[in-house]
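First up is the structure itself, then whatever we jot down about it.
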Amino acid sequence: MRVLVTADYRTLSQTAAELVIKAVRAKADLTLGLPTGSTPLGMYEELVTTYRHQHLDFSQLRTFNLDEYLGLSQDHPKSYHTYMRLHFFEYVNVSTANIHIPDGSPGIDVDAESARYETAIQQAGGIDLLIVGIGANGHIAFNEPGSAFESRTRAVDLAPETIANARQHFRTEAVPLRAITMGIGTILEARRILLLAAGASKAGAVERALRGPVSQSVPASALQLHPHVIAILDEAASR
Ligand code: PGA
């Protein structure tokens, strides 16, 4: 694993965006795995800025998001569908037909949706470059501690600490308790992976993921098994 320690969040975001841009310029129909949450916001901003000023073309890009809350309609203000629209897709020329986000809408048949999602990834030829954050508890996507490294896209229960974070972020007690997420096995099949981590609250998880034993109790430690991972950290997450 290559580890890049950047001076601050802005540089982390620029570094991540530059790697994505290089990959898109090298392969216009790149298949990209995309995260949500606070960490990638700066990267999306950089990508939008570059799109506007440097003629970046996303028209052939194919995207697969990592996860979605279960029980939220796609247009719910806190759904990851909405997040992606507001922070990226609304501003760039990614074709709607090429955007894939697991559907967590109320009443969805989650097993069928999970199988459909896995098939769509296979039909796209697999994921070329996947970007993922890390939770303070070591989760990647919504694969919480204890998730099998062979796991595939499926419904999961969120860990208590993840639910507590969601309550802060949603500013209400009523938050989803379950999600649909790519599995660790799905993530490890991506050809290249970028792990992004910013802030002191992530330092412990980063240390365990990058340098601790490979263990199901730290889902992100599975990344040590992958041959092409770049971890991009800010100073605070690296200490
Ligand atoms: P964050 O979430 O970017 O909002 O910190 C990362 C994660 O939990 O995977």
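Counting starts at 1 for both ligands and their atoms, in listed order. No experiment lies behind these values; they were computed from the predicted model shown.
At the top of the distance list for atom 6 (C) of ligand 1, counting protein heavy atoms only, stands Ile134 O, 3.6 Å. Taking atom 2 (O) of ligand 1 as the reference point, the nearest protein heavy-atom neighbour is Lys202 NZ, 4.1 Å. In terms of protein heavy atoms, atom 3 (O) of ligand 1 is closest to Thr39 OG1, 2.5 Å. Summary of contacts: the protein heavy atom closest to atom 8 (O) of ligand 1 is His139 NE2, 2.6 Å.
The main-chain N or O of Ser215 is found under 3.5 Å from a side-chain atom of Ser221 such that the two form a donor-acceptor pair. Judged by distance alone, the side chain of Thr49 and the main-chain N or O of Glu45 form a donor-acceptor pair under 3.5 Å.
Counting non-hydrogen atoms of other residues, nucleotides and ligands closer than 6.0 Å to NZ of Lys22 gives a total of 12 or fewer.
Side-chain contact annotation: Arg154 with Ser114, donor-acceptor N/O pair under 3.5 Å absent.
Contact check for Leu158 versus Leu177: no side-chain heavy atoms found under the 4.5 Å cut-off.
Here is the list of ligand 1 atoms found below 4.0 Å of a heavy atom in Gly133: 9 (O).
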